[in-house]
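One structure below.
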Amino acid sequence: MAFIEIDNVSYSYDDERNALGGVSFGIDAGEFVSVLGSNGSGKSTLAKLMNGLLVPRSGEVRVNGRPTSDAKSLADTRCLVGMVFQNPDDQIVASTVEDDVAFGPENLGIDPAEIRERVARSLAQVGLEGLEGSSTHALSGGQKQRVAIAGALAMQPQVLILDEAESMLDPRGRRDLMRICEELHGRGIAIVLITHSTEMAMLADRILVLDQGALVFDGTPQHALTRIGDFDLLGLDVPFALRLSRKLEERGMPLEPQVGIDALADEIMRYSKS
């Protein structure tokens with residue numbers, strides 16, 4: 001049994017058009033999954049359904065075997081499945097870093113000593129030690145996103161969903177975000193990265209692609225590389241390095257497809273030395 005089960009789920013905001021229609025898949029404990037899709041594909045709706053912020057109009061979402069439609073288990077669901085939104089300002093609720101990260105556990109009535117331990121541990125996990133007393137309003141965008149992640153981690157989730165959390169970050173912020181995701185994944189937390197960036201999606205172990213509310217792809221990054229032409233038709237970005245590696249292959253350089261420019265440069269160097 002998957003930790004999160006999406007069973008023939010549909011959802012509509014206006015009862016006329018489905019934001020999601022008949023979607024089914026599972027996410028196992030400890031997986032690193034990317035959900036890829038263009039604007040309007042249903043990615044954010046799916047994220048909210050997995051976290052219990054929305055309840056399916058039909059079908060069922062189960063977290064650790066319990067349906068999210070069960071109001072009695074909703075608080076547990078939101079502890080088990082943490083959520084980080086696109087704009088960290090929408091998620092930060094306190095004036096200092098320490099108070100913001102402590103907000104969730106405090107609302108659960110957790111002992112103050114344990115809250116302090118959770119805050120310290122969560123801030124260490126995202127590299128913000130020493131900023132406990134800093135004003136949240138004075139932080140950079142990347143730092144605010146880390147505070148939002150730390151706040152989710154303080155709830156001790158088994159799954160962390162990031163809903164286009166990279167979209168307002170600069171390249172360095174995106175690299176830091178992916179490093180944090182990889183480190184958390186290494187500690188056993190399942191990561192669900194919602195994104196429209198093919199390059200970032202390729203860093204996961206598994207990729208799901210949504211198009212107009214339907215699940216149109218579920219496979220490994222290696223499999224996805226063979227379908228990159230389809231992704232182009234779906235309005236998804238195809239990384240420059242991958243386009244270039246394809247062109248070079250057409251020109252007689254049998255290179256392994258690469259999504260990162262550094263990896264492509266290494267591949268070209270290996271080819272030139274062979």
- Would you give the length of the straight line joining atom CG of L184 to atom CD1 of I149, rounded to the nearest 0.5 angstrom? 7.5 Å
- Are M200 and I189 linked, directly or through other ILVMFWY residues, by side chains that come within less than 4.5 angstrom of each other? yes
- Are M202 and L193 grouped together when hydrophobic residues (ILVMFWY) are joined by side-chain heavy atoms under 4.5 angstrom apart? no
- Pair E267 + R270, salt bridge at N-O below 4.0 Å: yes
- Could you check if a side-chain atom of Q156 sits within less than 4.5 angstrom of a side-chain atom of C79, using non-hydrogen atoms only? no
- Message: side-chain contact (heavy atoms from CB on, under 4.5 Å) for T220 and D205? Distances and angles first, verdict last.
- Response: CA-CA 6 Å; T220 65; D205 299 324; over 6 Å; no
- Verify, without hydrogens or angle tests, whether S122 (side chain) and V119 (backbone) share a donor-acceptor contact under 3.5 angstrom. no
- Item | Side-chain donor or acceptor of E132 paired with backbone N/O of G130 under 3.5 Å | yes
- Answer whether the closest heavy-atom distance between the side chains of L208 and L215 falls below 4.5 Å. yes
- Query: Have T96 and D99 got a donor and an acceptor in their side chains that come within less than 3.5 Å?
  - Reply: yes
- Would you kindly confirm whether I4 and V35 end up in one hydrophobic cluster when ILVMFWY residues are joined by side chain heavy atoms under 4.5 Å apart? yes
- Donor-acceptor pair, D170 side chain versus G173 backbone, under 3.5 Å? yes
- Message: Working note: R146 + D176, criterion salt bridge (charged side-chain N to carboxylate O under 4.0 Å, His left out); need CA distance, chi angles, decisive distance, verdict.
- Response: CA-CA 9 Å; R146 292 191 196 191; D176 288 343; 3.0 Å; yes
- Message: Between Q143 (side chain only) and S140 (backbone N and O only), is there a donor and an acceptor less than 3.5 Å apart?
- Response: yes
- F217, CZ: over 12 other non-hydrogen atoms inside 6.0 angstrom: yes
- Do you reckon L36 sits in the same ILVMFWY cluster as V216, going by side-chain contacts under 4.5 Å, direct or chained? yes
- Note on the structure: dist S167:OG -> I194:CD1 (nearest 0.5 Å) comes out at 12.0 Å
- Only residue of T77, D76, L80 satisfying side chain to side chain contact (heavy atoms under 4.5 Å, CB included) with R66 is D76
- Task: Quick one: do L177 and E166 satisfy side-chain contact (heavy atoms from CB on, under 4.5 Å)? Show the steps, please.
- Result: CA-CA 7 Å; L177 177 64; E166 85 287 352; 3.7 Å; yes
- Item | Gap between atom CD1 of I268 and atom CG of L248 - 0.5 Å precision | 5.5 Å
- Under a 4.0 Å N-O cut-off, is there an ion pair linking E114 with R118? yes
- Message: Could you go through R246 and E250, starting from their C-alpha distance and side-chain angles, then the distance that decides it, and tell me whether this counts as salt bridge (charged side-chain N to carboxylate O under 4.0 Å, His left out)?
- Response: CA-CA 6 Å; R246 293 292 194 194; E250 292 171 4; over 6 Å; no
- Item | Spatial distance of atom CG (L169) from atom NZ (K144) [nearest 0.5 Å] | 12.0 Å
- Task: Using a 4.5 Å cut-off on heavy atoms from C-beta on, say whether the side chain of D218 contacts that of R206.
- Result: yes
- Is the CZ atom of R251 crowded by more than 12 outside heavy atoms at less than 6.0 Å? no
- Message: Do L153 and V147 land in one hydrophobic cluster if side-chain heavy atoms of ILVMFWY residues count as linked below 4.5 Å?
- Response: yes
- Query: Considering residues at least two apart in sequence or located in another chain, which fulfil the side-chain contact (heavy atoms from CB on, under 4.5 Å) criterion with N87?
  - Reply: D89, D90, M168
- Message: For the backbone of V93 and the side chain of D100, can you confirm whether one donor and one acceptor N or O come within less than 3.5 Å of each other?
- Response: yes
- Message: Distance alone, cut at 3.5 Å: any donor-acceptor contact between the side chains of S58 and Y11?
- Response: no
- Residue set satisfying side-chain contact (heavy atoms from CB on, under 4.5 Å) with S24, at least two apart, ordered chain then number -> D7, N8
- Query: Does any non-hydrogen side-chain atom of R116 lie less than 4.5 Å from one of P112?
  - Reply: yes
- Query: Would you call R57 and D15 a salt bridge, using N to O less than 4.0 angstrom?
  - Reply: yes
- Message: side-chain contact (heavy atoms from CB on, under 4.5 Å) for F25 and V33? Distances and angles first, verdict last.
- Response: CA-CA 12 Å; F25 64 91; V33 179; over 6 Å; no
- Item | Side-chain heavy atoms of V97 within contact of L139, under 4.5 Å | yes
- With the side chain counted from C-beta on, respond yes when K43 and E164 share a heavy-atom pair under 4.5 Å apart, and no when they do not. yes
- Query: Judged by atom type as modelled, is there a donor-acceptor pair below 3.5 Å linking the side chain of D14 to the main-chain atoms of R17?
  - Reply: yes
- Message: What I'd like to find out is whether the side chain of I6 reaches to under 4.5 Å of the side chain of L20, using heavy atoms alone.
- Response: no
- Could you walk me through whether R78 and L53 pass side-chain contact (heavy atoms from CB on, under 4.5 Å), step by step? CA-CA 8 Å; R78 292 180 182 169; L53 292 173; 3.8 Å; yes
- Query: Once you round to the nearest 0.5 Å, how far does CG of L203 lie from OG1 of T195?
  - Reply: 9.5 Å
- Message: Do V192 and L160 have side chains that approach each other closer than 4.5 Å (heavy atoms only, starting at C-beta)?
- Response: no
- Taking atom CD1 of I161 and atom CZ of F85, what is their separation to the nearest 0.5 Å? 9.0 Å
